[in-house]
There are 2 protein chains.
Amino acid sequence: MTDATTGTPPLVHEVLAAVLQVRQGSLRVLLWERALEPHAHRWSLPGGRLRADEDVEASIRRQLAEKVDVRQVAHVEQLAVFSAPDRVPGPRVVATAFLSLVPSHLDPALPPDTEWHEVSAMPETAFDHGAIVLRARNRLRAKLSYTNIGFALAPPVFTVSALRSLYSAALGYRVSATNLQRVLSRRGLLEPTGETERPGRSGGRPAALFRFLEATMAVTDPFAVLKPPSPRGTGT
Amino acid sequence: MTDATTGTPPLVHEVLAAVLQVRQGSLRVLLWERALEPHAHRWSLPGGRLRADEDVEASIRRQLAEKVDVRQVAHVEQLAVFSAPDRVPGPRVVATAFLSLVPSHLDPALPPDTEWHEVSAMPETAFDHGAIVLRARNRLRAKLSYTNIGFALAPPVFTVSALRSLYSAALGYRVSATNLQRVLSRRGLLEPTGETERPGRSGGRPAALFRFLEATMAVTDPFAVLKPPSPRGTGT
DNA sequence: TCAAAAGTGTTAGAGGTACACCCATGA
DNA sequence: TCATGGGTGTACCTCTAACACTTTTGA
């Protein structure tokens, strides 16, 4: 900061995104296969260099839109900085990693070298990208519990059982539709549209359709143990 | 990443820390007063330039130890990247911000331009440093609820009422000693040393002394709503 | 023996989970 | 009318807040 004349070795800042979506019943991440060395043929995260006129979030949004035709990410958030000096061979590259989410009803057009991979069965990844994906998954799992982040995985309108399978895929275990509905409703996140879905040919009661009230992330269950004293409380 | 020949404008990466400690009953942050422009006489966070051979966490630890003689930070964690193109005048500087915590019994020697300031009454800060401090405070407050991070605010051994005042200062509201003890004990974070503290001259029952069992941060209350089904559960 | 400070017992309430039961549809 | 899938009612359990009450000290 006040350093004056350091050798100033070249430094590049890149942004990377773990773009997650639930597809075909499992949580997947968008990866592209590197053609060139280093790490040719390994799979890596979309992203690229930070430009002079943008901050990291603008940068990752631009790069996702440009390179991968993902304009419809419903949520983007910073994960962490990855900065091990040798994380990438050659000149140093510091990376800001993001989690981003694509709702399940979208199927963005992808460049030929790009594919969705199950997070639980990723191919060999380039550099530290595998670790970034796992970090993104963990963040998503945690936030499904205490925020409304489900909106970013779900289509605009959905049945509770569809939502249940999204949550199950993301969390990695079966969630009960009964309780999912109850929890999200009690928190005031879900709103019934009034419509119902037509049952399949095997019958069954038509499922009510819901939507999320909010489409931006908010903490809905601030797990605050050691809460502030209640109004009447004297608060020793 | 695969960009080849960009104009490569100069880019500096700095690390900054909001060093927090509870002193004299309130949560404080370590700030130093800038002597030079830009933002002369404003208060700013300790930190500095990332070197070629270290990652961001090593860097902030080094700089705290070097510049501010704070070797005894009990906890350091990444907060976020601050990267607005104009966050600092002149050549671009991207910052990785950290939260770090100093236990209340330590009183590190400080350089003459450096002082502790109440987080709730900070002087005019340089650049975006005020926002970083608030972010650090919010992170600390959240983590006091669902992790064992209290160990990083407390001395090695303490009474429950001393711990209560630390939590109260950090959270900004009075916490009940009764419930604090109960919550932390149930979670298995506290251990009685068997010793007691001698009462003051006004009498009172001698207070039992406790210590935290762990001295590294762990999530102790994984606020997991939508938990995995219990063993017997069939998990529809 | 009284005031002060610490610690425990106990009740009440919030929020979730599990599960039984009821509802609406197609064949 | 039966199978199928959706939705509701309810009992139970865990955790926390609040607060009365007991314990142990100094004066």
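In the text below, chain A, chain B and the rest are named by the order of the sequence lines, each starting its count at 1. None of these values were measured; they are calculated from a predicted model.
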Trainee: Who passes side chain to side chain donor-acceptor pair (under 3.5 Å) against B:Ser104, sequence neighbours left out?
Mentor: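 B:Ser104 satisfies side chain to side chain donor-acceptor pair (under 3.5 Å) with no residue once adjacent residues are dropped.
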Trainee: Within the 3.5 Å criterion, strictly below it, is a donor on A:Ser26 or A:Arg28 matched to an acceptor on the partner's side chain?
Mentor: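 Their side chains do contain a donor-acceptor pair, which is all the 3.5 Å distance test asks for.
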Trainee: Calculate the interatomic distance between B:Leu163 atom CG and C:dG7 atom P; express it in whole Å.
Mentor: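 In whole Å, C:dG7 P lies 12 Å from B:Leu163 CG.
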Trainee: Rounded off to whole Å, could you give me the CZ-to-P distance for the A:Arg164 and D:dG7 pair?
Mentor: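 So the two atoms are 12 Å apart, to the nearest Å.
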Trainee: May I ask you to decide whether A:Arg62 forms a salt bridge with A:Glu54, counting only side-chain N to carboxylate O separations under 4.0 Å?
Mentor: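 Counted as a salt bridge, because a side-chain N and a carboxylate O are separated by less than 4.0 Å.
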Trainee: Would you kindly give the CG-to-P distance between B:Leu180 and D:dA17, to the nearest whole Å?
Mentor: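 Going from B:Leu180 (CG) to D:dA17 (P), I get 10 Å.
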Trainee: If the plane angle is over 60° it's perpendicular, under 30° parallel, otherwise tilted; pick one for A:Phe158 and A:Phe212.
Mentor: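 The rings of A:Phe158 and A:Phe212 sit tilted, inter-plane angle from 30° to 60°.
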Trainee: Could you tell me how far apart B:Leu171 (CG) and D:dT16 (C1') are, to the nearest whole angstrom?
Mentor: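 Going from B:Leu171 (CG) to D:dT16 (C1'), I get 15 Å.
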Trainee: From D:dG7, D:dT16, C:dT8, pick the nucleotide closest to the side chain of B:Gln181?
Mentor: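 When the side chain of B:Gln181 is considered, C:dT8 is the closest of D:dG7, D:dT16, C:dT8.
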Trainee: I'd like a table of donor-acceptor pairs (distance under 3.5 Å, sequence neighbours excluded) in which one partner is a side-chain atom from residues 120-127 of chain B, with atom names and distances.
Mentor:
residue: B:Ser120; atom: OG; partner: B:Glu118; partner atom: OE1; Å: 3.4
residue: B:Thr125; atom: OG1; partner: B:Gly130; partner atom: N; Å: 3.2

Trainee: Checking contacts here: which listed nucleotide (D:dT16, D:dG6, C:dA18) is nearest the side-chain heavy atoms of A:Ala207?
Mentor: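 Shortest atom-to-atom distance from the side chain points to D:dG6.
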Trainee: Which residues satisfy the side chain to side chain donor-acceptor pair (under 3.5 Å) test with B:Asp128, sequence neighbours excluded?
Mentor: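 Side chain to side chain donor-acceptor pair (under 3.5 Å) list for B:Asp128, sorted by chain: B:Arg87.
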Trainee: Filter on salt bridge (Lys or Arg N to Asp or Glu O under 4.0 Å), then keep only pairs touching residues 148-161 of chain A, sequence neighbours left out; what's left?
Mentor: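 Found none.
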Trainee: Which pairs with one or both residues in residues 147-156 of chain A pass salt bridge (Lys or Arg N to Asp or Glu O under 4.0 Å), sequence neighbours excluded?
Mentor: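 Residue pairs passing salt bridge (Lys or Arg N to Asp or Glu O under 4.0 Å), neighbours aside: none found.
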Trainee: Would you tabulate the nitrogen or oxygen pairs shorter than 3.5 Å linking the protein to nucleotides 10-12 of chain C?
Mentor:
residue: C:dT10; atom: O4; partner: B:Arg182; partner atom: NH2; Å: 3.3

Trainee: Taking DNA chain C as the partner, which of residues 147-162 of chain A come within under 4.0 angstrom of it by heavy atom?
Mentor: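 Those residues: none at all.
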Trainee: Would you kindly give the CZ-to-C1' distance between A:Arg186 and C:dG13, to the nearest whole Å?
Mentor: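 To the nearest whole Å, that distance equals 13 Å.
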Trainee: Would you please name every residue forming a side chain to side chain donor-acceptor pair (under 3.5 Å) with A:Arg23, sequence neighbours left out?
Mentor: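 With neighbours one apart ignored, the set is A:Gln21, A:Asp107.
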Trainee: Aromatic ring centroids of B:His129 and B:Trp43 under 6.0 Å?
Mentor: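 No; B:Trp43 has its ring centre 6.0 Å or more from that of B:His129.
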Trainee: Give every donor-acceptor pair under 3.5 Å between a side-chain atom in residues 131-140 of chain B and any protein atom, sequence neighbours left out.
Mentor:
residue: B:Asn138; atom: ND2; partner: B:Leu134; partner atom: O; Å: 3.4
residue: B:Arg139; atom: NE; partner: B:Glu77; partner atom: OE2; Å: 2.7
residue: B:Arg139; atom: NH2; partner: B:Gln78; partner atom: O; Å: 2.7

Trainee: Please check if any side-chain donor atom of B:Arg174 sits under 3.5 Å from a side-chain acceptor atom of B:Ser176, or the reverse.
Mentor: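 No.
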Trainee: Taking the side chain of B:Asn179 as its heavy atoms from C-beta onward, which of D:dA17, C:dA18, C:dG9 lies nearest to it?
Mentor: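 Closest of the options to the side chain of B:Asn179: D:dA17.
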Trainee: Is there a residue in residues 187-197 of chain B whose heavy atoms reach under 4.0 Å of DNA chain D, and which residues are they?
Mentor: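 Per residue number, the list reads B:Arg187.
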Trainee: When the side chains of residues 183-196 of chain B are checked against the rest of the protein, which donor-acceptor pairs come out under 3.5 Å, sequence neighbours left out?
Mentor:
residue: B:Ser185; atom: OG; partner: B:Gln181; partner atom: O; Å: 2.8
residue: B:Arg187; atom: NH1; partner: B:Ser145; partner atom: O; Å: 2.9
residue: B:Arg187; atom: NH2; partner: B:Ser145; partner atom: O; Å: 3.3
residue: B:Arg187; atom: NH2; partner: B:Asp221; partner atom: OD2; Å: 3.2
residue: B:Glu191; atom: OE1; partner: B:Arg211; partner atom: NH1; Å: 2.9
residue: B:Thr193; atom: OG1; partner: B:Glu195; partner atom: N; Å: 3.0
residue: B:Thr193; atom: OG1; partner: B:Leu209; partner atom: O; Å: 3.3

Trainee: Please tabulate, one pair per line, each protein N/O and nucleotide N/O from nucleotides 24-27 of chain C that are separated by under 3.5 Å, including the distance.
Mentor:
residue: C:dA24; atom: N3; partner: A:Arg205; partner atom: N; Å: 3.2
residue: C:dT25; atom: O2; partner: A:Gly204; partner atom: N; Å: 2.9
residue: C:dG26; atom: O3'; partner: A:Arg201; partner atom: O; Å: 3.1
residue: C:dA27; atom: OP1; partner: A:Arg201; partner atom: O; Å: 3.4

